[in-house]
Protein chains: 2
Amino acid sequence: MSGQGAAPVGGPARERGLHARLLASLGPAITAGEYPPGTVLRTEELAARYEVSRTVAREAVRVLESMHLVESRRRVGVTVLPAEEWNVYDPQVITWRLAGADRGRQLRSLTVLRSAVEPVAARLAAELATPEECAALTEHALGMVATSRGQQLENYLVHDTAFHRTVLRASRNEMFARLGDVVAAVLAGRTHHEVMFSDPRQEAVTLHVQVAEAVRERDGARAERAMRTITEDAMAELDVLAP
Amino acid sequence: MSGQGAAPVGGPARERGLHARLLASLGPAITAGEYPPGTVLRTEELAARYEVSRTVAREAVRVLESMHLVESRRRVGVTVLPAEEWNVYDPQVITWRLAGADRGRQLRSLTVLRSAVEPVAARLAAELATPEECAALTEHALGMVATSRGQQLENYLVHDTAFHRTVLRASRNEMFARLGDVVAAVLAGRTHHEVMFSDPRQEAVTLHVQVAEAVRERDGARAERAMRTITEDAMAELDVLAP
DNA sequence: TGGACTCTTATTAGTCATACTTAATTGGCG
DNA sequence: CGCCAATTAAGTATGACTAATAAGAGTCCA
């Protein structure tokens with residue numbers, strides 16, 4: 001019972017709640033492949049290892065099970081499932097994987113998903129965006145222009161993220177809107193880890209302005225084309241990095 | 001208090017495990033809007049109402065929380081979150097919503113998502129499909145041809161579903177592959193509930209054959225075009241139904 | 001002899017009741 | 001108006017018990 005020192009819960013940030021901390025330790029470990037598919041974890045063992053009660057361990061396992069990361073069976077234990085079973089759309093799973101080893105793979109998967117979704121979202125946004133959303137798009141596009149030179153990557157990222165979020169929300173499709181966080185994660189990842197040593201490419205900035213214009217003018221086809229070019233550029237960047 | 005008395009757990013199919021049964025009762029109720037956003041459920045009350053222990057109620061709440069359907073706060077209780085917060089990609093949430101009241105909305109959201117994803121998946125499949133997958137595509141396309149006349153909707157559905165699943169898997173993108181279940185649910189929903197009184201339209205069948213051909217011939221552009229037509233037809237069908 | 005079938009047993013998740021801790025809201029008091 | 005204490009409901013811990021079920025021992029029939 002000594003101190004809180006022993007528990008190997010050295011997560012990045014201490015979540016609140018014991019079960020959340022356990023989750024923040026187990027989730028990344030599983031998604032990182034530290035426990036290969038088929039590995040059996042017993043709840044009692046987990047409770048002992050992390051110095052928590054079985055109650056807490058069970059709750060964490062329940063959540064992992066709902067993410068299809070593990071399967072719990074009587075007389076067997078908690079079995080780690082193969083990656084094909086995982087709920088790869090779960091924001092938490094995405095976060096864990098982006099923080100872990102196959103970060104590259106995850107980033108490329110998400111970028112391909114973006115390339116499918118965002119052009120269609122842009123077309124829908126052109127048809128359905130409210131005046132407020134049109135204004136927000138223009139504003140953020142101009143913000144990108146203003147911050148595209150002179151090492152202002154962080155400010156640029158803020159506008160870029162807001163821009164894409166707005167497009168996805170304006171598409172009036174809940175499934176698209178939900179991908180706002182994903183896109184934000186991808187953009188942040190790109191800025192903070194790889195590429196982007198220098199200022200963003202001017203063509204990319206121009207394309208965002210074009211999307212904003214096209215949406216304002218209700219030109220769905222043009223909005224879609226411009227956005228498609230944006231996402232294709234993003235894919236090209238990644239392919240250079242990890243072919 | 002007494003209300004409808006004992007455990008109103010009479011879900012559609014009895015899940016195994018008390019907590020799963022509770023989940024199968026609470027999940028659909030929340031996604032159906034029976035508990036409006038802001039509604040507060042106390043775990044103790046839930047435990048009493050469903051005649052389970054607090055432990056079980058808490059585990060169910062934990063899972064609902066991981067789906068962002070509810071938020072649990074000390075001294076407040078378990079608050080139902082607004083729909084914008086929900087994890088709409090969680091297969092369980094999708095199932096619940098498809099079974100519930102706003103089934104139509106959900107079906108249209110998913111169909112729009114399909115229209116974004118499947119054409120891109122078809123293009124990637126044309127580039128990356130294995131010979132076995134090419135063969136499977138052809139086989140299922142031919143199966144659709146064979147079952148497209150004479151009230152064989154169930155058999156047709158089997159081939160249709162398998163076809164789309166194969167395309168998504170052949171795209172070699174885990175995010176796309178994971179949507180196989182979603183597409184299956186949409187196709188099944190369409191066959192079993194709405195439209196489709198009579199045999200499927202022959203143009204649709206032909207388009208599937210074209211996708212299979214294009215993939216076999218590694219013609220990404222053609223595969224994408226044909227698939228885009230398929231998904232646009234699917235959207236048109238729905239818009240007629242619920243404009 | 002061998003294989004298939006049944007019965008037993010050991011193991012681990014699942015459930016329950018209870019006691020206690022902690023955080024946060026609320027309302028009263030200075 | 002702000003601070004402090006009381007209250008409330010979630011969070012945690014523990015121990016006892018239940019229930020599946022995998023696996024092995026034992027049995028029967030071909």
Side-chain angles (χ1 to χ4, degrees), chain A residues 1-9 11 13-27 30 35 37-81 85, chain B residues 1 6-9 11 13-27 30 35 38-81:
Chain A
M1 270 304 173
S2 57
Q4 60 282 39
V9 193
R14 62 176 62 105
E15 312 281 340
R16 65 184 186 189
L18 279 189
H19 101 279
R21 247 184 292 175
L22 177 51
L23 208 58
S25 183
L26 274 179
I30 293 174
Y35 302 99
T39 305
V40 175
L41 315 162
R42 272 153 300 141
T43 51
E44 197 124 17
E45 184 186 287
L46 286 176
R49 179 133 52 105
Y50 291 90
E51 291 181 323
V52 294
S53 67
R54 283 195 334 277
T55 315
V56 168
R58 282 179 53 74
E59 283 177 17
V61 166
R62 274 276 168 288
V63 174
L64 292 175
E65 200 175 21
S66 88
M67 296 170 174
H68 288 92
L69 259 50
V70 303
E71 189 188 32
S72 178
R73 285 172 61 196
R74 273 179 155 144
R75 166 67 207 237
V76 174
V78 178
T79 314
V80 176
L81 292 175
E85 302 282 340
Chain B
M1 276 292 188
V9 192
R14 62 177 59 105
E15 312 281 340
R16 65 183 185 189
L18 279 189
H19 99 280
R21 248 185 290 176
L22 178 50
L23 209 58
S25 184
L26 273 180
I30 294 175
Y35 301 100
T39 305
V40 174
L41 314 163
R42 272 155 300 136
T43 51
E44 198 126 17
E45 183 186 288
L46 286 177
R49 178 132 54 103
Y50 290 91
E51 292 181 322
V52 294
S53 68
R54 241 186 61 184
T55 315
V56 169
R58 282 182 52 75
E59 284 177 15
V61 167
R62 270 280 162 317
V63 174
L64 292 176
E65 201 176 20
S66 88
M67 295 169 175
H68 289 93
L69 260 53
V70 302
E71 188 188 34
S72 180
R73 282 172 62 197
R74 272 181 154 137
R75 166 66 207 236
V76 175
V78 178
T79 314
V80 177
L81 292 175

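Per chain, numbering begins at 1; letters A, B, ... match sequence-line order.
Summarising the local packing, CD of B/Glu45 is surrounded by more than 12 heavy atoms from other residues, nucleotides or ligands at distances under 6.0 Å.
Whole-Å rounding puts the A/Glu51 CD to D/dT14 C1' distance at 16 Å. With rounding to whole Å, A/Leu22 atom CG is found 10 Å from D/dT12 atom P. Per the geometry, CD belonging to A/Glu71 stands 15 Å off C1' belonging to C/dT12, to the nearest Å. In this entry the distance linking CD of B/Glu65 with P of D/dG11 reads 7 Å, nearest Å. Regarding B/His19, its NE2 atom lies at a distance of 13 Å from the P atom of C/dC16, rounded to whole Å. The interatomic distance linking A/Leu41 (CG) with C/dA13 (C1') rounds to 13 Å, in whole Å. Taking atom CD of residue B/Glu44 and atom P of nucleotide C/dA19, one finds them 13 Å apart after rounding to whole Å.
The structure places CG of B/Leu22 at 7.5 Å from CG of B/Leu64, a figure rounded to the nearest 0.5 Å. For the atom pair A/Ser53 OG and A/Glu59 CD, the distance stands at 8.0 Å (nearest 0.5 Å).
For the pair A/Glu59 and A/Arg54, nearest-nucleotide mapping onto DNA chain D gives the more 5' position to A/Glu59.
The side chain of B/Arg42 lies closest to D/dA10 when the candidates are D/dA10, C/dA13, D/dT14. The side chain of A/Arg58 lies closest to C/dT15, out of D/dT12, C/dT15, D/dA10.
Not one side-chain nitrogen or oxygen of A/Ser72 sits closer than 4.0 Å to the OP1 or OP2 atom of C/dA13.
Taking 4.5 Å as the limit, every side-chain heavy atom of B/Val78 sits out of range of all side-chain heavy atoms of B/Leu46. Looking only at side-chain heavy atoms (C-beta outward), B/Met67 and B/Val63 come within less than 4.5 Å of each other. The shortest side-chain heavy-atom distance between A/Leu26 and A/Tyr50 falls under the 4.5 Å cut-off.
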Taking N or O atoms only and anything under 3.5 Å, show me the protein contacts with nucleotides 22-25 of chain C, one pair per line.
residue	atom	partner	partner atom	Å
C/dT22	O2	B/Arg74	NE	3.3
C/dA23	O4'	B/Arg74	NH1	3.3
C/dT25	OP1	B/Arg73	NH2	2.6
C/dT25	O2	B/Arg75	NH1	2.8

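Nucleic acid contact for B/Thr55: base, since at least one base atom lies under 4.0 Å from a heavy atom of the residue.
Ion pair B/Glu65/B/Arg62 flagged as a salt bridge, since at least one NZ, NE, NH1 or NH2 atom sits closer than 4.0 Å to an Asp/Glu carboxylate oxygen.
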